[in-house]
Amino acid sequence: MHTYSNGESINAKVNSLTSIETELPFSYYSLPYCQPPGGIKKSAENLGELLMGDQIDNSAYRFRMNVNETLYLCTTSPLNEHEVKLLKQRTRDLYQVNMILDNLPVMRYTSQNGVKIQWTGFPVGYTPSDGSADYIINHLRFTVFVHEYEGRGVEIIGTGEEGMGIISEADKKKASGYEIVGFHVVPCSIKYDPEAMKKHKMYDGISSVSCPNELDKYQVIKEQERISFTYEVEFVKSDIRWPSRWDAYLKMEGSRVHWFSILNSLMVIVFLAGIVFVIFLRTVRRDLTRYEELDKEAQAQMNEELSGWKLVVGDVFREPDCSTLLCVMVGDGVQILGMAGVTIVFAALGFMSPASRGMLLTGMIILYLILGIAAGYVSVRLWRIIKGTTEGWRSISWSAACFFPGIAFIILTVLNFILWHSNSTGAIPISLYFELFFLWFCISVPLTLIGGFMGTKGESIEYPVRTNQIPREIPARKYPSWLLVLGAGTLPFGTLFIELFFILSSIWLGRFYYVFGFLLVVLLLLIVVCAEVSVVLTYMHLCVEDWRWWWKAFYASGSVALYVFLYSINYLVFDLQSLSGPVSATLYLGYSLLMAIAIMLSTGTIGFLMSFYFVHYLFSSVKID
């Protein structure tokens, strides 16, 4: 928390220009804006901010605490053809200027059909509906809300740019002053006389102006036009306290719909899963009880007469096709699921504040690197179960360390070339590539190898039955079993799709997402549903004497990723209608594909591990010679 005394200077910062039309961030100073007197200085950025395309610079906008004033900034030189083209393009692509004061993003309000809508940032310019001309926003009316802090009472813990800070008793007197608890703006376009404005120096006071309503009084964007930038600021005392200053940003539109939709989804899914689970338990229990009550002769006769899961006892644990790939994918799935689970728990407990930009993404990357030990352990342990030997565990560990990071590297590199070609700040710098490679090679890879070594020392899991030398022929079916496997993904998707809408809106429409408590509940429910669906599908395949259950158990729950990707395409077509150009669509689909692969690995792992436990338990319960 930072407090300011009367008259103390406060400098605003600017982040990258962003647009929901293109999803390509650009530097603020790529446009002909006024530059600060001491030159442009970049703020220190963490790993998450760099990956998100944030580029925070200082700006020419300077305020003085509790001093209401109207100031002149600068007048540009005559605009050339390139600057005009760039300004018009950024205006028509609905680019927003993202300004920050005391770590608070600037907010503005607009009315649409009588509804008050809040936005973060303000537009670069304005284009009327007839498209006759483009006008630049060159006058900003700021309102800064301040709360007087007396330095008395309990200790206050605040989250700011410097992280968590505690105001001690000794600092309370020194900390007395004013806290910034709100930052609003009303953007205007005003046509000034450039010759008259050039007589002023930066930060000279000028007479207050009001925003015009007539287009002929707007500042048009055209060649050889000189644009003057001004701003005014008003300080307003507020009852909002420091801990509550982010509440206005974290309010989600349609919160009532959000609550009822999530609750309805949870109730339906729990009800369906409960019915399926009860029927399944009764069926298996009846089969087991009936089988165990017979003597050996009757069991042998029953094996000859009956079909079903009991007949595949000699093949159910036969090594699956591409067993190495299965081990690697399950190991990486555990790593991704662990990363997601721990991140959501920490966020739900309030440890990842939106005030700390990039903290969520940075935390996810660190957790992923550390959980490489889990990926190595699970991959090698599964390899030992399937092969019955520890030989080749180093190769499995290396594959687990490289599989998902390799896919992510390929996708992100292709998208990065597109961003580089567009000169976007969203492009990952070469230096950051080397940093990420260094972190992966020096942290994730060694931990994965350590986990693999631990997997070789773990207690061996023995199969309860022997595997026949000759594979049993699988009866022909009227329809492919993969149809049932793909259809099974609809049930887990039912728990996810509502929350997925809010997450996609947060990523692509620039809205804050901070209902991690809901997300944690959905994650837990998703785990339960994936486990149940995969077990039921595995049992159904065994009942029709199909002993090739390994991959089908993985994809029964992992197929939810297909529906997530299809829903992402649906969201692109119907909810991101403003997204323009093949470059923006390619970026969107690339990131959606990466998200779908991560979901497939994590949900498929849940289903596979639960099915493996079920099959092992099922055949351990039946005594077969």
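Predicted model only: the values in this text are computed from it and were never measured. Below, each value reflects all heavy atoms present in this structure, side chains not excepted, and no hydrogens, waters or symmetry copies.
Note that CG of L71 is 12.0 Å distant from CG of L140, once rounded to the nearest 0.5 Å. Rounded to the nearest 0.5 Å, atoms CG (L496) and CG (L523) are 9.5 Å apart. Note: H2 NE2 to I10 CD1 = 8.0 Å, rounded to the nearest 0.5 Å. Considering OG of S592 and CD1 of I599, their distance stands at 9.5 Å, rounded to 0.5 Å. F122 CZ to C188 SG: the interatomic distance, rounded to the nearest 0.5 Å, is 11.0 Å. Separating the OG1 atom in T70 from the CD atom in E232 is a distance of 4.0 Å, to the nearest 0.5 Å.
In this structure, the side chains of S238 and V146 stay at 4.5 Å or more apart for every pair of heavy atoms. Side-chain contact check for W119 versus Y109: every heavy-atom pair is 4.5 Å or farther apart. Contact annotation: the side chain of L87 approaches that of L79 to within less than 4.5 Å [non-hydrogen atoms, C-beta and beyond]. When side chains are defined from C-beta on, L436 counts as touching L51, because their heavy atoms get closer than 4.5 Å.
Heavy atoms only, all atoms of each residue included: W508 and E23 are closest at O-OE2, 2.6 Å. Residues S27 and L17 come closest through the heavy atom pair O-CD1, 3.7 Å. For the pair W246 and N103, the tightest heavy-atom approach, listed with the atom from each and the gap, is CZ2-O, 3.4 Å. Scanning both residues, N416 and G426, for their nearest heavy atoms gives OD1-O, 4.3 Å. Scanning all heavy atoms of the two residues, the minimum distance from N58 to V14 falls at O-CG2, 3.9 Å. Counting all heavy atoms, side chain and backbone alike, S424 lies closest to L24 at OG-C, 3.8 Å.
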For D102 and R245: C-alpha separation, side-chain torsions, deciding distance, then whether salt bridge (charged side-chain N to carboxylate O under 4.0 Å, His left out) applies. CA-CA 11 Å; D102 192 42; R245 68 178 193 155; 3.1 Å; yes

Does the pair S506 and I503 meet the rule for a side chain to side chain contact (heavy atoms under 4.5 Å, CB included), with working shown? CA-CA 5 Å; S506 169; I503 293 172; 5.6 Å; no

Between Y4 and N66, does a side chain to side chain donor-acceptor pair (under 3.5 Å) hold up when you go through it step by step? CA-CA 10 Å; Y4 300 89; N66 285 331; over 6 Å; no

Check the pair K41 / D57 against side chain to side chain contact (heavy atoms under 4.5 Å, CB included), numbers first and verdict last. CA-CA 6 Å; K41 298 175 184 176; D57 304 311; over 6 Å; no

Show, in sequence, the C-alpha distance, side-chain angles and deciding distance for T120 and N98, and conclude whether the side chain to side chain donor-acceptor pair (under 3.5 Å) test is met. CA-CA 7 Å; T120 53; N98 299 294; 4.9 Å; no

For F229 and I136, what are the C-alpha separation, side-chain angles and deciding distance, and is it a side chain to side chain contact (heavy atoms under 4.5 Å, CB included)? CA-CA 10 Å; F229 288 91; I136 189 170; 4.0 Å; yes

Check against side chain to side chain contact (heavy atoms under 4.5 Å, CB included), I418 and T586: CA-CA 9 Å; I418 296 173; T586 303; 3.6 Å; yes

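Heavy-atom neighbours of Y591 OH from other residues, nucleotides or ligands within 6.0 Å: above the threshold of 12. By the 6.0 Å contact criterion, CG on D239 is open, its count of non-hydrogen atoms from other residues, nucleotides or ligands being 12 or less. No more than 12 heavy atoms of other residues, nucleotides or ligands lie within 6.0 Å of CZ in F409, so this atom counts as exposed by the packing criterion. Heavy atoms of other residues, nucleotides or ligands lying less than 6.0 angstrom from CE of M339 number more than 12. Annotation: Y203, atom OH; neighbour count of heavy atoms from other residues, nucleotides and ligands within 6.0 Å is above 12.
T413 and Y433 share a donor-acceptor pair across their side chains, judged by distance under 3.5 Å alone. Side chains of T76 and Y33: a donor-acceptor N/O pair is absent below 3.5 angstrom, by distance only. Judged purely by distance below 3.5 Å, without hydrogens or angles, the side chains of D134 and T127 pair a donor atom with an acceptor atom.
One finds no salt bridge joining D193 and K198 here, because no Lys/Arg side-chain nitrogen approaches an Asp/Glu carboxylate oxygen to under 4.0 Å. Salt bridge E8/R64: absent, no basic N to carboxylate O contact under 4.0 Å.
Using a 30° and 60° split on the angle between ring planes, F441 and F437 fall in the parallel class, below 30°. Using the six-membered ring where Trp is involved, Y192 and H139 have ring planes that are perpendicular, over 60° apart on the 30 and 60° scheme.
For the pair R90 and Y95, the cation-pi test (distance below 6.0 Å, angle within 45°) is passed.
Aromatic ring centres of H147 and Y178 lie farther apart than the 6.0 Å criterion allows. Annotation: F183 is in aromatic contact with F142 [ring centroid separation under 6.0 Å]. When ring centroids are compared, Y231 and Y61 come within the 6.0 Å threshold.
Applying side-chain hydrogen bond (donor to acceptor under 3.5 Å, both in side chains) to Q219 and the options R226, K191, E225 leaves one that passes, E225.
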